[in-house]
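Report on one structure; see the data block that follows.
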Amino acid sequence: MPELPEVEVTRLSFADAIAGAKVLSVRLGKALRWPLGCSVAHLLGRTVLAVRRRGKYLLIDLDQGLLLVHLGMSGRLNFSRHPSAAATHDHFEMLTSRGTLKLYDPRRFGAVVYANSEEDPVARKLLGKLGMEPLSQDFDLKQFQAGLKRRKAAIKQVLLAGDLVVGVGNIYASEALFLASIRPTLSAARLSRARSAKLHAAIGQVLARAVARGGSTLRDFSSATGENGHFQLEAMVYGRPAQPCRVCGTAIKSVRQGQRSTFYCPTCQKA
DNA sequence: AAAAGCCCCTGGATGC
DNA sequence: TGCATCCAGGGGCTTT
C-alpha cells in the first residue's frame with residue numbers, strides 16, 4: 001500500500017500528538033514480517049520523543065532506543081485517544097499516555113522492530129542500503145545521474161529498487177516516468193543527461209504533490225487519524241489500463257516488470 | 001556488483 | 001452460491 005507519500009502523511013498525522021507520550025502497555029497479535037526484537041517489558045515506561053521517516057520506514061524515537069515501523073503492502077497505523085476494540089488484523093498495539101497506536105496489517109508484510117540506535121546492526125540491516133531522500137536537499141542530481149549510468153536494468157525497476165532513491169513505489173514510479181516522458185522499460189544507463197535531470201525533477205514533483213493530496217487511497221489507505229488520500233484521482237497512468245491518456249488520448253498500456261504492473265502512455269513516453 | 005526470481009500473507013474481484 | 005485463479009501501495013534473500 002504505502003509509498004513515501006502515504007508513509008509521510010501517516011507520520012504527519014500523529015507525530016505531534018504522540019510526542020512526549022509514555023508507553024503504558026504493548027500488545028502483540030500475530031507475527032509480522034520480523035519479531036519485535038525486544039521484550040514488551042523493555043518498552044514500558046519509555047517516552048516517545050519524535051517520529052521521523054527514512055524511505056518507507058517510520059522511526060519512532062524513544063528516550064532509549066527506537067522503533068522501526070514498516071507498513072509493508074497492507075499496513076495502516078491508527079493513533080487515537082479512544083481507540084476501538086482490537087480488530088482481527090491489529091498486530092501491534094501500544095497504549096500510551098496520549099493515545100493508542102495500532103498497526104493494522106492483514107497481509108503482515110509490515111513490521112515493528114526495536115533497535116538500540118540507528119547504528120545498531122538491526123537498524124543498519126534495514127536502513128543501511130537505502131538511497132537518497134527524494135524530498136530533501138540530499139537528493140543530488142549529479143549523484144542520481146551517476147547512479148543511473150551504472151545500471152543497465154529498466155529505469156522503472158531501478159527506481160523501485162530503492163538503493164539509489166528511496167520511497168518511489170509502484171504508483172509513483174509510473175507517474176514520475178510519465179511526467180518525465182520516459183518509457184519505463186528503457187535501460188537506466190541509456191538516459192541522456194537532460195532526460196535524467198527531468199526525471200529527477202519529476203520524482204520530487206510527484207511525491208510532493210502526493211503528500212499534499214494526502215497520499216493515494218486505492219482501496220484502503222488512510223492516515224493515522226483516518227483521513228483518506230486523494231492523489232489517485234489525478235493519477236495520469238497508474239491503474240488506468242486501456243483508458244485514454246489524459247494528455248493525448250492514446251490508450252494507456254500495462255506491462256509486467258519484475259512481477260509488478262507498470263503503466264505508461266506509448267505516445268507520450270516513446271522511449 | 002548487478003539483475004532476476006522467489007517468497008512471505010490475506011482478501012477482493014473475476015470467471016466458470 | 002461455490003470454487004479456482006489472479007492480482008494487490010514491498011522488499012529481503014537467494015541464485016545466476
Side-chain angles (χ1 to χ4, degrees), chain A residues 1-11 29-35 37 53-58 68-77 87-92 103-113 121-131 134 146-176 185-190 203 206-207 210-211 213-223 228-235 237-241 254-263:
Chain A
M1 159 197 354
E3 303 181 32
L4 183 150
E6 291 73 34
V7 176
E8 179 64 7
V9 165
T10 296
R11 186 187 75 80
K30 288 171 92 169
L32 291 164
R33 179 159 193 178
W34 297 296
R53 181 187 56 73
R54 177 74 178 101
K56 296 172 189 166
Y57 285 90
L58 285 175
L68 310 185
V69 177
H70 199 290
L71 303 179
M73 285 284 263
S74 59
R76 259 186 287 171
L77 283 179
T88 309
H89 299 298
D90 286 334
H91 300 305
F92 176 86
L103 173 63
Y104 172 87
D105 186 5
R107 293 178 71 180
R108 293 188 281 125
F109 290 169
V112 180
V113 175
V122 174
R124 297 196 70 135
K125 191 177 74 166
L126 300 180
L127 307 176
K129 291 187 176 158
L130 296 184
L148 293 182
K149 277 293 168 220
R150 67 180 90 93
R151 300 303 245 353
K152 292 188 178 158
I155 180 62
K156 157 85 166 357
Q157 303 199 243
V158 172
L159 293 182
L160 283 189
D163 50 355
L164 185 55
V165 56
V166 293
V168 182
N170 214 36
I171 299 176
Y172 302 108
S174 282
E175 292 299 312
T185 49
L186 182 68
S187 164
R190 297 181 64 86
I203 290 168
V206 75
L207 294 178
V211 171
R213 302 293 284 127
S216 294
T217 297
L218 296 186
R219 38 163 32 83
D220 56 12
F221 167 75
S222 65
S223 73
N228 286 344
H230 303 285
F231 185 85
Q232 73 281 1
L233 301 174
E234 47 194 80
V237 290
Y238 183 84
R240 307 188 61 243
S254 166
V255 295
R256 252 5 234 176
Q257 288 183 286
Q259 24 263 92
R260 321 286 306 268
S261 292
T262 300
F263 304 90

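Remark: P of C/dG10 and CG of A/L32 are 17 Å apart, rounded to the nearest angstrom. Atom CG in A/L164 sits roughly 16 Å away from atom P in B/dA1 (whole-Å rounding). Separating the CD atom of A/Q257 from the P atom of B/dA4 is a distance of 10 Å, rounded to the nearest angstrom. In this structure, the CG atom of A/L127 is 13 Å from the C1' atom of C/dG11, given to the nearest Å. C/dG10 atom C1' lies 17 Å from atom CZ of A/R76, rounded to whole Å.
DNA chain B contains the following stems of three or more consecutive Watson-Crick or G-U pairs, with both distances under 3.5 Å: B:2-8 with C:10-16, B:10-16 with C:2-8.
A donor-acceptor pair under 3.5 Å is formed between the side chain of A/S74 and the backbone N or O of A/R107. Between the A/H91 side chain and the A/K30 main chain, a donor and an acceptor come within less than 3.5 Å of each other. Remark: side-chain polar atoms of A/E175 are not paired, donor with acceptor, to backbone N or O of A/V206 under 3.5 angstrom. No side-chain donor-acceptor contact under 3.5 Å links A/R54 to the backbone of A/L127. Between the side chain of A/E6 and the backbone N or O of A/E3 there is at least one donor-acceptor pair closer than 3.5 Å.
In terms of the side-chain contact (heavy atoms from CB on, under 4.5 Å) criterion, residue partners of A/K156 (sequence neighbours excluded) are, by chain and number, A/L160, A/N170, A/A173, A/S174, A/L177, A/P184, A/Q257, A/R260, A/T262. Residues passing the salt bridge (charged side-chain N to carboxylate O under 4.0 Å, His left out) test with A/R11, sequence neighbours excluded: A/E8. For the side chain to side chain donor-acceptor pair (under 3.5 Å) test, no residue two or more places apart in sequence or in another chain qualifies with A/R108. Every side-chain contact (heavy atoms from CB on, under 4.5 Å) that A/V9 has, sequence neighbours left out, goes to A/V211, A/F221, A/S223. Remark: A/R33 pairs with no residue by the salt bridge (charged side-chain N to carboxylate O under 4.0 Å, His left out) rule, at least two apart or across chains. Residues satisfying the side-chain contact (heavy atoms from CB on, under 4.5 Å) criterion with A/A161, sequence neighbours excluded, are A/R151, A/D163. A/R256 is linked by a side chain to side chain donor-acceptor pair (under 3.5 Å) to A/S261, counting only residues two or more places apart in sequence or in another chain. Residues satisfying the side-chain contact (heavy atoms from CB on, under 4.5 Å) criterion with A/R190, sequence neighbours excluded, are A/L186, A/S187.
By the stacking rule of 5.5 Å between ring centres and under 30° between planes, A/F109 stacks on the base of B/dC8.
Looking at heavy-atom distances under 4.0 Å, A/K129 makes no contact with the nucleic acid at all. Using a 4.0 Å heavy-atom criterion, one finds that A/G258 contacts no nucleic acid atom at all. Within 4.0 Å of A/Y57, counting heavy atoms only, lie sugar-phosphate atoms of the nucleic acid but no base atom.
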Distances under 3.5 Å between protein N/O atoms and the N/O atoms of nucleotides 14-16 of chain C, please, pair by pair.
none

Please list each protein N or O that sits under 3.5 Å from an N or O in nucleotides 6-8 of chain C, with the distance.
unit_1	atom_1	unit_2	atom_2	d
C/dA8	OP1	A/S261	OG	2.4
C/dA8	OP2	A/R256	NH1	2.7
C/dA8	OP2	A/R256	NH2	3.4
C/dA8	N3	A/R107	NH1	3.1

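One finds no side-chain N or O of A/Y172 lying less than 4.0 angstrom from the OP1 or OP2 phosphate oxygen of C/dG10. For B/dT10, the OP1/OP2 oxygens have a side-chain nitrogen or oxygen of A/R108 closer than 4.0 Å. Under 4.0 angstrom from either OP1 or OP2 of B/dG11 there lies at least one side-chain N or O belonging to A/H89. An OP1 or OP2 oxygen of B/dA1 is reached within less than 4.0 angstrom by no side-chain nitrogen or oxygen of A/R150. Under 4.0 angstrom from either OP1 or OP2 of B/dC9 there lies no side-chain N or O belonging to A/K30. The phosphate of C/dG11 (OP1 or OP2) has a side-chain N or O of A/H70 nearer than 4.0 angstrom.
Of the residues in residues 152-162 of chain A, those placing a heavy atom less than 4.0 Å from an atom of DNA chain B are A/K152, A/A153, in numerical order.
The aromatic rings of A/Y238 and A/F263 stand perpendicular to each other, their planes meeting at an angle above 60°, with 30° marking the opposite boundary.
We find the CD1-CG distance between A/I171 and A/L218 to be 4.0 Å, quoted to the nearest 0.5 Å.
Taking atom P in both C/dC3 and B/dC9, the straight-line distance is 23 Å, to the nearest Å.
Each of A/T88 and A/R33 lies near DNA chain B, and the nucleotide nearest A/R33 is the one positioned closer to the 5' end. In this structure, A/D163 and A/P106 both approach DNA chain B, and ranking their closest nucleotides by distance from the 5' end singles out A/D163.
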